[in-house]
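Please read the structure below before turning to the comments.
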Amino acid sequence: MIARTLRTVGRQGRNLLLPRITACRPLHAIPANFSKAYDYDGKTKVTIFNTETDLGLMVTGYSQYGFRLNNDMVLIGPISVFPRSVLSWNVNSFEDINEDSLSLFPTLEPKIDVLIIGIGDQAPPPALSKRIIEFMKKYKINVEILRTEQACATFNFLNAENRMVACALIPPMHLSYNENDILQAKLRKKELYETE
């Protein structure tokens, strides 16, 4: 119920007809339209998709030697990852990437939409990017050439969306880490409260 009352407003004391709420409906009387996340006991369910194997293979970790997948498989050296399978990729560095090393990807059936190439820890050289993009354009395959860390995240995201994606990864030569990485490693080893 809203009642209109005459109130004096402003310096000149003009009388204006302004709305004023005199009665409010209590909050508990408003019907709740909760999303599925809140339908049960009021807690939100969070799913970390790169740990679930039903979404396909995803890269959960990497080192200078290789990669770890979400099915706890550890692979040594450069790899090619697909939504449901993984192969060794016969290159040593980004200089070895050429039409022969990429010839597998256009022959796949069903055809992939996106190929993500992780070239280690260096920025992609423009000449390499241009050469790879021109080669893959002949087969109508989109290409992203990124650092390995970014390539892993991009592949995981697109794979979780059920896109036809493939990823070719070269392990980085150098790894950078921060305090959070050290903390997580200590938590895994349960050495958090031990002093050095």
Side-chain angles (χ1 to χ4, degrees), residues 36-37 44-178 180-181 184:
K36 289 186 179 185
T44 303
K45 181 181 177 186
V46 176
T47 303
I48 301 172
F49 62 77
N50 67 342
T51 60
E52 294 188 6
T53 55
D54 60 338
L55 294 174
L57 292 177
M58 294 192 190
V59 182
T60 58
Y62 61 91
S63 71
Q64 295 101 331
Y65 305 107
F67 301 89
R68 178 181 300 275
L69 302 180
N70 60 339
N71 61 359
D72 290 329
M73 184 183 296
V74 176
L75 302 153
I76 306 298
I79 59 171
S80 298
V81 187
F82 306 97
R84 302 278 178 215
S85 60
V86 63
L87 299 170
S88 179
W89 191 33
N90 194 18
V91 296
N92 291 320
S93 68
F94 72 88
E95 286 108 7
D96 297 335
I97 300 173
N98 55 32
E99 293 173 358
D100 290 336
S101 65
L102 296 172
S103 62
L104 164 73
F105 301 104
T107 61
L108 294 174
E109 195 61 44
K111 183 177 163 267
I112 60 173
D113 296 327
V114 181
L115 172 63
I116 299 151
I117 301 174
I119 62 167
D121 52 0
Q122 61 274 4
L128 174 72
S129 298
K130 183 179 178 184
R131 192 174 74 233
I132 293 171
I133 290 170
E134 285 177 2
F135 174 71
M136 298 308 278
K137 192 182 278 188
K138 289 189 278 188
Y139 300 101
K140 298 180 180 158
I141 297 175
N142 298 314
V143 181
E144 287 290 329
I145 302 156
L146 306 166
R147 295 174 185 218
T148 296
E149 180 179 10
Q150 297 163 335
C152 292
T154 304
F155 172 78
N156 289 347
F157 181 78
L158 293 173
N159 196 18
E161 289 185 334
N162 291 322
R163 300 272 306 269
M164 290 305 299
V165 63
C167 186
L169 300 171
I170 299 172
M173 296 297 288
H174 305 93
L175 294 178
S176 61
Y177 59 91
N178 58 27
N180 189 37
D181 296 327
Q184 292 298 325

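Small disclaimer: the values here were computed from a predicted structure and weren't measured. Residue numbers start at 1 and run along the sequence shown.
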Say you draw a straight line from [atom1] of [X] to [atom2] of [Y]; how long is it, rounded to the nearest 0.5 Å?
X	Y	atom1	atom2	result
Leu158	Ile112	CG	CD1	11.5 Å
Arg68	Met73	CZ	CE	11.5 Å
Leu108	Leu115	CG	CG	9.5 Å
Ile116	Asn142	CD1	CG	10.5 Å
Asn90	Leu104	CG	CG	12.0 Å
Cys167	Ile117	SG	CD1	9.0 Å

Report task. Kindly indicate, with the supporting measurements, whether the criterion side chain to side chain contact (heavy atoms under 4.5 Å, CB included) is fulfilled by Trp89 and Leu169. Result -> CA-CA 8 Å; Trp89 191 33; Leu169 300 171; over 6 Å; no

Can you name the side chain to side chain contact (heavy atoms under 4.5 Å, CB included) partners of [X], sequence neighbours left out?
X	result
Glu149	Tyr62
Met164	Pro110, Asp113
Asn98	Asp100, Ser101

**Report entry** Leu102 side chain near Val143 side chain, heavy-atom distance below 4.5 Å
**Finding:**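 With C-beta onward as the side chain, the pair stays apart.
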
Query - Arg147 and Asp121: CA distance, side-chain angles, deciding distance, side chain to side chain contact (heavy atoms under 4.5 Å, CB included) verdict - result: CA-CA 5 Å; Arg147 295 174 185 218; Asp121 52 0; 5.7 Å; no

Verify, without hydrogens or angle tests, whether [X] (side chain) and [Y] (backbone) share a donor-acceptor contact under 3.5 angstrom.
X	Y	value
Asn159	Leu57	yes
Thr148	Pro171	no
Asn70	Met58	yes

Query raised in the report: Where does the angle between the aromatic ring planes of Phe82 and Phe105 fall among parallel (under 30°), tilted (30 to 60°) and perpendicular (over 60°)?
Result: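 The arrangement is tilted - the two ring planes meet at 30° to 60°.
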
Enumerate, atom names and distances included, each donor-acceptor pair closer than 3.5 Å involving a side-chain atom of residues 122-140, sequence neighbours excluded.
residue: Gln122; atom: NE2; partner: Ile119; partner atom: O; Å: 2.8
residue: Ser129; atom: OG; partner: Pro125; partner atom: O; Å: 3.3
residue: Arg131; atom: NH2; partner: Ile97; partner atom: O; Å: 2.7

Report task. Could you pull out all residues at least two apart from Asp96 that satisfy side chain to side chain donor-acceptor pair (under 3.5 Å)? Result ->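 None.
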
Query - Sequence-distant partners of Ser93, side chain to side chain donor-acceptor pair (under 3.5 Å), two or more places apart - result: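 For Ser93, the residues satisfying side chain to side chain donor-acceptor pair (under 3.5 Å) (neighbours in sequence not counted) are Glu95.
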
Query raised in the report: Passes side chain to side chain contact (heavy atoms under 4.5 Å, CB included), Leu75 versus Val81? Steps please.
Result: CA-CA 11 Å; Leu75 302 153; Val81 187; 5.9 Å; no

**Report entry** For the student: nearest non-hydrogen atoms of Ser103 and Pro106, plus distance
**Finding:**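 Scanning both residues completely, I find the closest heavy atoms to be O-CD, 3.4 Å.
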
